[in-house]
Structure formats: structure tokens, C-alpha cells
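Every value quoted in this text rests on a predicted model; they were computed, and no experiment measured them. Both counts, for ligands and for their atoms, begin at 1 and track the order of listing. Residues take their numbers from the sequence shown, with the count starting at 1. Every heavy atom of this structure was used, including side-chain atoms; hydrogens, water molecules and symmetry mates were not.
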Amino acid sequence: MDRDVDLEAKTRETGREIHAAMSGAPVMFDSTRWIGGIMDWAMKNEDFKLRLFRFIDVLPSLKTNELVVRVLHEYFSGETEIPRIVSGGIEMLSKTGFIPHLAGPLIRKSVGSIARQFIAGKDADDTLKALDVLRRDGTDFSIDLLGEVVVSEKEARTYAGRYHSLLDVLSAGFSPGARPDVSIKVSSFYSQLDPIDWAGSIEKTKEGLRPLLRKARDLGISITFDMEHYYYKGLIIEIFKGILEEEEFREFPSAGIALQAYLNDTTNDVLDLIGWARARGRSIAIRLVKGAYWDYEVVVNRQKGWPVPVFLNKEETDASFERLTRLLFENTDVVRPAIASHNLRSISHAITCAEALNAPKGSFEFQMLYGMAEPLRKAVRESGFNMRVYTPVGELIPGMAYLVRRLLENTSNESFLRKSFGEKSSFEELIRAPQARRVSSGSGVVDEHFRNEPLFDFSMARNREAMDQAIRTVKEHTDRKYPLYIGGREVTTEKYIVSRNPARPGEIIGRVSSASKKEADAAIEEALNVREVWRKTTPEKRAGYLVRAAEELRRKRTKLAALEVLEVGKTRRDADADVCEAIDYLEYYGREMLRLGVPATLGNYPGEENEYRYEPKGIGVVISPWNFPLAIATGMTSAAIVTGNCVIFKPSGLSPLIGRELCEIYRSTGLPAGVLQFLPGPGSEVGEYLVSHPSIDFIAFTGSREVGLRIVERAGMFVPGQRNVKKVIAEMGGKNAIIVDETADLDEAVKSIVESAFGYQGQKCSACSRVIVAGDTFKELCDRLMEAAKSIRIGPPEEPGTFLGPVIDEAAMKKIRTDIEIGKKEGTIILERNAPGEGHFVGPVIVIDVKPGSRMATEEIFGPVLSIMRANDLDEAISLANDSLYALTGGLFSRSPANIQKVKEEFRVGNLYINRKITGALVGRQPFGGFGMSGTGTKAGGTDYLLQFMNPVSISENTIRRGFAPLTKD
Ligand code: FDA
């Protein structure tokens, strides 16, 4: 305790000395300068800050002055209150009359000077001058090459090449005594880096890193691995350790890694690295940072329903930083601590720790970011400590993510810099020891009602291993026979539907009995027997079955996903997402039925009681597809069941085993016999027969337009004995387009288009099959898309690194290949990748200059084929996008508020996505379904979906007896 008091006193003393030595303020906080004035206003006005940072983000990619001025207006035209210093700027701009060729350069220059506060130069040569200034007082540097997003292997190679040139410049341009360091972003060395493919990602990234490390070692330049998003943390640490264990790098003395104190599991990582270094008798540098992605980690992990990995209270981060600082200084035999902070308290505490643990001044260093805290940097350096400045180099477009992080960091309410230089807090306030008030990280999701089932986080070893194990287990039990399920009995028929692995068609996954008209009649009979009992079962009880089914699905989660991988060729991630969506439907529709199950009272008139409630329709057929074999089947069956109907469930003949699993899940809940019956069989026989049967009241169908329209036709034909007009709930295809305008963030656009177009081999009804480019980014976008599509891995989906697996069967493969031949005539193929010989594989294809109205532009292709079209402007792009019989999903990539608004109003699709992929709709968040030829306007996973399975009933009772009536409630 005494020792702590003593350390605290020394920390204050050290802090006071450094504080006294500081003079001036960083430009960002100098309110007499225009940059300081703008930042000051941004800190006081959140809305202005949002607009300002968004404008700064888009500016470098705006290619013309006209566009710069237009987008400036869009962002700031609603701004009424503006600070004098900004209005001064606007006055200056207005003197240019906002004439683009005068105003444009002025705006660029202004934003350029903000960027120059944090980015030292465009390239290494350009940066040498800035480094010279630092070197004058003996400050060292670590260079970071901006350009963080790498969407293809070509871009990864270019990025690595830039690092090689940087090393050359550094080795030639530096004076003796300098200890140059280079910081690298590991994720930029392999475009397909993904923890789901743990071993593959490590191997490929190491391949990219080795030449660089070799060169750095030979030139005597140290390398530090930056730490990135939490999702990559485990991989980055493994890559760091793995490569340094290789013979040629065992002696590489100058390698280091950044670790983030804002994560609640960093102590384990530090201990692990210390143990690892000690066991190998080597030393490593650990750069301790608080962490640059706090906002991202909170938002993204909450969005995914994953635990938030960062502390939610700033003082906890500060306290963690101090604990970790101490841990590093306690282990200087194997660790060279680099304390990276701009916080006077954190730095003073580190100095005190070092002294208390007798760490010589030369055995550690402080590090700061270029342009962040000059007064503090100088004061610490003048006190005789080693100092290194992290110096970013590069152009503005690739540097934008970095710049925005710095702006956020400076203007955050919690920022030490803001408190110190912006709010001018007292020394006492600045030096105060962090009070670690715990704020639960939890999942952070506050919605106590429906919550989406979180997808697996594949950065967790346990999830990867569970999936490996499940795939092995399913493979051990292939080629078994399964019966139908009719009225509580298992029924075996003579004919079987054979389910095959589309990646290896010789591999039979299982065989399921195939129903004929005879079994269909038996099932209808059973349904008729139980219909009344089920109708009278309360909504609460019916919802209870769904909740139990959801529990069972959770229990079998990996097994079901593994089965999807093998039966329909989904990648592990897509298969898991399908299982989660199935759970969501059960949980969501169960809750929805509780809401709808309460009769509504209409009006409030004396002498009359009006009630509005819902009745089940009766008996329905659910005909589900193979592409979301569990989710869609579960969605349609559970909606029908929970609303009080009996269901005959006919899964696709291409995914009968998953259908059978769903049937087993319902059985396990104790659902009364006859409420759900499992009847796979040929569509032309059993499907048609059921649809036309007089006892069937509704048909819920998801699949092709051809079959959907045939069902509508059949259902509309009266047959003797029929008592209801049959309701058809049909979800069909799409010819979905993504518009990319001239303000789009191409990094995001390319990643999302690749995922939307080629995810699950383009076999999602929401998949992107057309990209329409408005503006002059056509060539750049096409080149980047082509390279990105070249980089994705094609192979059997059971392999964790596979992005693109096989299409569902031979017929699909042949049809897609025919479509590609048509594409060759109607446009220019810029990419056609080969695919493995065995299995139903089709490599990704990109066709450009597709003409409006051509087959490529209008007809659905259920495969990995993407057409790219040009439009002169946004109006033309919208008109091309709407030029389709379908209206299912659509997307826009844009950073122009006006364009976003216009597209919201004019792009006519059921599901519109802005600045994100167009697949992956979530239950309750993006209710899914289209209109036009895409379907009958239903929205799966939305508030009105269940209504289609019920008939509304209105009951009005006259409550007047002999002139008196119960009182009405006011
Ligand atoms: P200060 O004391 O003001 O702390 C700000 C930090 O506190 C935020 O950045 C955040 O981490 C945390 N925080 C803010 N609000 C919080 C809240 N409500 N609850 C909990 N914590 C909160 N970063 C990175 O992630 N990977 C890297 O590789 C590097 N590399 C790097 C190198 C060098 C040399 C430096 C100087 C910095 C980095 N950084 C980094 C960036 C670094 O993470 C960032 O600059 C620091 O977090 C800022 O911390 P300070 O101590 O300077 O400020």
C-alpha cells in the first residue's frame, strides 16, 4: 500500500515536471487557427462533426471540382449555426462565387492541410524532410505506409512492393545512430485473410511477409506488427510468433508487435508472448497502445450480437494500460517496452514504473503519432527518454481511414488530448489516477424482446473446431436411408431421392423415401383429422413449440451446418448463417403470434362490442427451396404452424436430408401428429397433386418464377370439393442490381459486390447479378472487381478457406455455362475463371458492356455471373436498375446525401441496401421479399408475414338489452 502511495506521488511529480516543460498546443487545438476553430466547433456540435468527417472522407475520391462543390453543398446546406472561423472560410469560398474551378481547389487545399497534420508525406522520399526535423532532437520514427484495404492479391503484392521500396529508401537515406522502424498491417499482405481459415491464412500471410522480413533483417531495420480489429487479433499474434520461429528469423532481433490495452483479454496475450519469448531465449518489442478502433469494436460487435471485447469505460482502459505497462517493465529480460500514448498521466506512470523497477532509460521507449501531441513529445524527449514517432506516409484516398481515426481520436469526449489542449483541464484533473468503474461489456444488446441469433465468431478456436468435428461426424454417417413422416408414423416407400454432395457427386449423403399421390392422400387425411384440435390450441401453446424447436436447433447447430456444407455446397459461414436464420424465424414468429393472438377491440361505442381476431386458414403445403434449405423451410413451416394451420412440408429434392432434419426437430418438440408432415417427392407429381387438392387452403412457396407462376395458376382453378380460394404466398427470383456512383467508397463497394455476386456461387435470390456504374469510376471498379474475383478461393466448401463452392447440380452447371456463352455474345468477358474438374463447379465470370434489354441484363442467372453496365448519370442508372420484371433486392454505393435520397425514392425493389452488401437480410431487421415477378409482396421475417396464413374475423355484438348497456371505457 505504502509503495502504491509512493508510486502515485512520484507519478504526480514526474507529471508536473513534464507538464511544466510543455508549451503551446497542437494545431488541432489552436483555436486562433482555422483548423483549430473547425475542430473546436466539431467538438461542440455532434451533427456538424458527423457531416464534416463524412465530407472529409469522401473528398479525395471526388474527381471534378463541380462534384466537390456539389457534395459540399449537400453536406452543409442545412447547417444554420456555423462558427465565425468556418463562416469566414465559407465567405472566402463565396468570394469564388462557388465557381467550381475556383472553389474546388480551395476546398481540397483546406482538407489537405488537415491531413498534413497527421500524414507526413505522399511517399518515402517526400517524408524524409519531415523525418529530418524529428531526427534533429534524436527522435526516432516508425513508418507506416497508408493503404489499409486490400481487396485482391494484386493489391497485396503492390502493397508489399511499396514496403520493399520504402526499405530501400530508408537504408539509403539515414544517418548513423538512427534506429529506423517500419510498422506493417498484416491484413494487407493477404487479401483473403480470414480467421475461419486459420492455417491457410497464416501460411499465405507468412509467404507475403518473409521477403520483407528478410530484407529488413539484412538492412538492420526493425519491423513492428500493428494490431488491427479484434477479429484479427489471434491470427496476427500467431503469424508474429510463427514467422519468428522460423530458422532464418530466430535471430531477427528487432521485431515487435502492438497490443491494445482497451481489450479485456490483453493481459493473457502479454503473458503468452512473454512466456513464448522466454522459452525461445529471445527478446521482442511490445508496443503498448490503448487501441484505435474503439468505436468500431463497440458498434460492430453489438450489431453482430457478439460480446463487446473492449472496456466500455475509458478509465478502465487507462487502468489496464497502467497494469500492462507494469507487466512489461517487470519482464524487460525478454521485452523491450514501447509505451505508445499521448496521455501525460499514462506516460508519467510509465516513467515511474520504469524507475521503480530499475529499467535503464535506454531499455524502453515512448512512442507517439505524427502530429498528435508535439508539445508533449518535445517535453518527454527533452527529459532524456527515447522517443519514436509513428509516421504515416501515403496519398489521401488510401490514408482516409487513418485520418478519420485520428480526427475521431482528437475530438472524442474521452480523449486526453481534448481534455488537455481543448478543454484545458487542470493539472490535477489530468494527472488523476484512473478510477476503474466497471461497465459491463456483455453483448451490449438492449433489446429484451426478439434478438437475432449471433452467427459464429470464427476467430474463436472452439467454433472452428466444433465445425471441423461436425463435418467429420456427418461424413461418417452418410448414405443412410430415411423415411417420410405422415401422421406421426415413419413411412418408407420403394423409391428414394438420392442426395449427393455437389462438390463430389459420387459421394451420396443420404437417401430419403420419395412420396407419391398415395402418401399425399394419407397426409391430407391425417391433417384433416387434427385440424380442429390444432386450430383450438392457444397461440401461447403453439408459440411454445416454436421456442422448443429453436432450442433444439441451437443444440444441433453445427451438425445442421455441416450437413448443409455437404448436401448443398454452402461454405461453413453461409451454412451457419442459414441455421441461425432458421432459429430467428422460430423465435420471431413465436413472439409475433403472441402479439397477433390477442383479439383487438375496435372503436369504443356504447351498446356495441367490436372484436377483430385471426383464424387459421386450415391446411397448407409448404414447398421450400434448396438454397436456404433450413432457414426458408423453417420460416414457412413455422409461420404456418404457429398460426394454427396443419402443414404438409415438401422440401426440395436437392436438400431432402436437411428437410428431414427439420421434421425431426419439430417431432422432438412433441408437436401433435398430423400438424407437420414430411413429404418429399417429385414436384411434377406430389407437388402438383397437393397444390390442386381441394382440401388444401394455401400454398407457401419459395423457388423459381416458372414454378411459382404455375402454382398461382393451379391454385386459381376450382376443383370440386374445394371450400376456400387458395392463398398463394410465393417468393421468386430476382435480377438484382447494385448502383455505384462517382462518390462511392470503392474499397467497400468491391468487397460487398464480390460477396453479393459470388457468395454461395450467386445462388441466393438476393444475389447481385448486375452492377451499374454511374460516373467515371467504371474502369477502376471493373479492374478492382476482376482482381478481387480472381483472388477468391474456389474449392470444396468443407475446406475452411473456400469462398466459392460448387453449384447445386449438373443441370444448374450446364444452364449457367450456356448463359455464359450468351454473355460472350452480348458483352465482353473480362473474367472467366477455371474451376475444379470434379464436381459441379463454375468459376466466377464478369461480363462488361452488357447492353440494356439484353438477356444478360434482364434474365435471372442462378450462378456466379456478374454483368457490369455503364450509365451516364444516376438517373440513367436508376432507370437501368428498374428495367427488370423483378423487384427483389437492390443496392447503392454512394457518399452523396442527395443521391442516397433519390435512390431511396426511385429504385423500386423490395429490399434496398445502401453502402452494404445486398445479401444477408436478417429476420426482424430487414424483412425480406420483393414484388413484380419476384413474388407476391410478402415479407419474411416482418411484422405482417403471419397475416397471410390467417383469415381475419370481425365480431360485433350488440350489448344493449332493453335499453341498457354496459358502460364504455373512456
Ligand atoms: P487517451 O488517454 O485519450 O486514450 C484514448 C483511448 O482510450 C482511445 O483511443 C481508446 O483506445 C480508449 N477509449 C476511448 N473511449 C473509451 C471508452 N469509452 N471506454 C474505454 N476505452 C476508451 N492503435 C491500434 O489499435 N493498433 C496499433 O497498432 C496502433 N499503433 C500505434 C502506434 C503508436 C506509436 C501510437 C502512438 C499509437 C498507435 N495506435 C494503435 C493508436 C492508439 O491506439 C491511440 O493513439 C491511443 O489509443 C490513444 O491513446 P492515448 O493514451 O494517447 O490517449
Side-chain angles (χ1 to χ4, degrees), residues 26 118 134 139-144 148 181-188 223-233 236-237 240 256-264 266 285-299 308-322 324-325 337-350 365-373 376-377 380 386-392 401-402 405-423 425 430-432 434 436-441 444:
F118 303 109
L134 291 174
T139 295
D140 281 302
F141 58 85
S142 176
I143 297 209
D144 159 55
E148 300 171 9
D181 180 78
V182 166
S183 291
I184 55 170
K185 293 260 174 317
V186 169
S187 64
S188 305
I223 298 276
T224 306
F225 286 41
D226 275 336
M227 189 48 71
E228 307 178 40
H229 299 153
Y230 183 65
Y231 193 61
Y232 293 128
K233 185 195 73 172
I236 293 174
I237 294 177
F240 175 75
I257 186 165
L259 295 175
Q260 298 153 325
Y262 65 10
L263 296 176
N264 44 38
T266 295
I286 292 186
R287 170 193 290 163
L288 185 63
V289 301
K290 285 179 190 160
Y293 308 93
W294 188 85
D295 301 74
Y296 173 92
E297 298 294 1
V298 173
V299 173
V308 176
V310 294
F311 294 115
L312 293 180
N313 170 1
K314 161 76 162 60
E315 296 207 34
E316 266 198 274
T317 298
D318 289 340
S320 154
F321 193 85
E322 294 194 0
L324 292 166
T325 300
I339 307 300
S341 171
H342 317 96
N343 182 321
L344 175 68
R345 160 77 205 187
S346 308
I347 292 171
S348 309
H349 170 266
E365 64 185 27
F366 287 100
Q367 297 192 349
M368 291 186 194
L369 297 177
Y370 181 83
M372 286 283 274
L376 184 57
R377 179 188 74 77
V380 175
N386 284 338
M387 171 64 70
R388 189 181 295 279
V389 165
Y390 184 96
T391 312
Y402 178 85
R405 279 205 298 279
R406 294 296 74 85
L407 292 174
L408 280 172
E409 202 166 304
N410 273 279
T411 54
S412 142
N413 285 337
E414 303 286 356
S415 152
F416 179 87
L417 289 173
R418 175 174 172 170
K419 288 199 163 80
S420 170
F421 298 107
E423 294 164 6
S425 301
L430 298 177
I431 204 68
R432 192 170 57 79
R437 180 174 53 86
R438 188 142 199 117
V439 175
S440 154
S441 297

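For ligand 1, residues of the protein lying within 4.0 angstrom by heavy-atom distance are Asp226, Met227, Ala258, Gln260, Tyr262, Arg287, Val289, Lys290, Gly291, Ala292, Tyr293, Trp294, Phe311, Leu312, Asn313, Lys314, Thr317, Asp318, Ala340, Ser341, His342, Asn343, Gln367, Met368, Leu369, Tyr390, Arg406, Glu409, Glu414, Ser415, Phe416.
Ion pairing between Arg432 and Glu315 holds under the 4.0 Å rule for side-chain N and carboxylate O.
Legend: residues meeting side chain to side chain contact (heavy atoms under 4.5 Å, CB included) with Ser346, ordered by chain and number and at least two apart, are Lys290, Phe321, Ser341, Asn343. Taking the side chain to side chain contact (heavy atoms under 4.5 Å, CB included) definition, one finds that Leu408 meets it with Lys49, Phe53, Val404, sequence neighbours left out. Taking Thr224 as the reference, Asp181, Ser183, Arg287 meet the side chain to side chain contact (heavy atoms under 4.5 Å, CB included) condition, with sequence neighbours excluded.
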**OP:** Mind running side chain to side chain contact (heavy atoms under 4.5 Å, CB included) on Tyr293 and Tyr262 for me, showing each step along the way?
**Re:** CA-CA 9 Å; Tyr293 308 93; Tyr262 65 10; 3.5 Å; yes
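A donor-acceptor pair under 3.5 Å links the side-chain atoms of Glu228 to the main chain of Val186, judged by distance alone.
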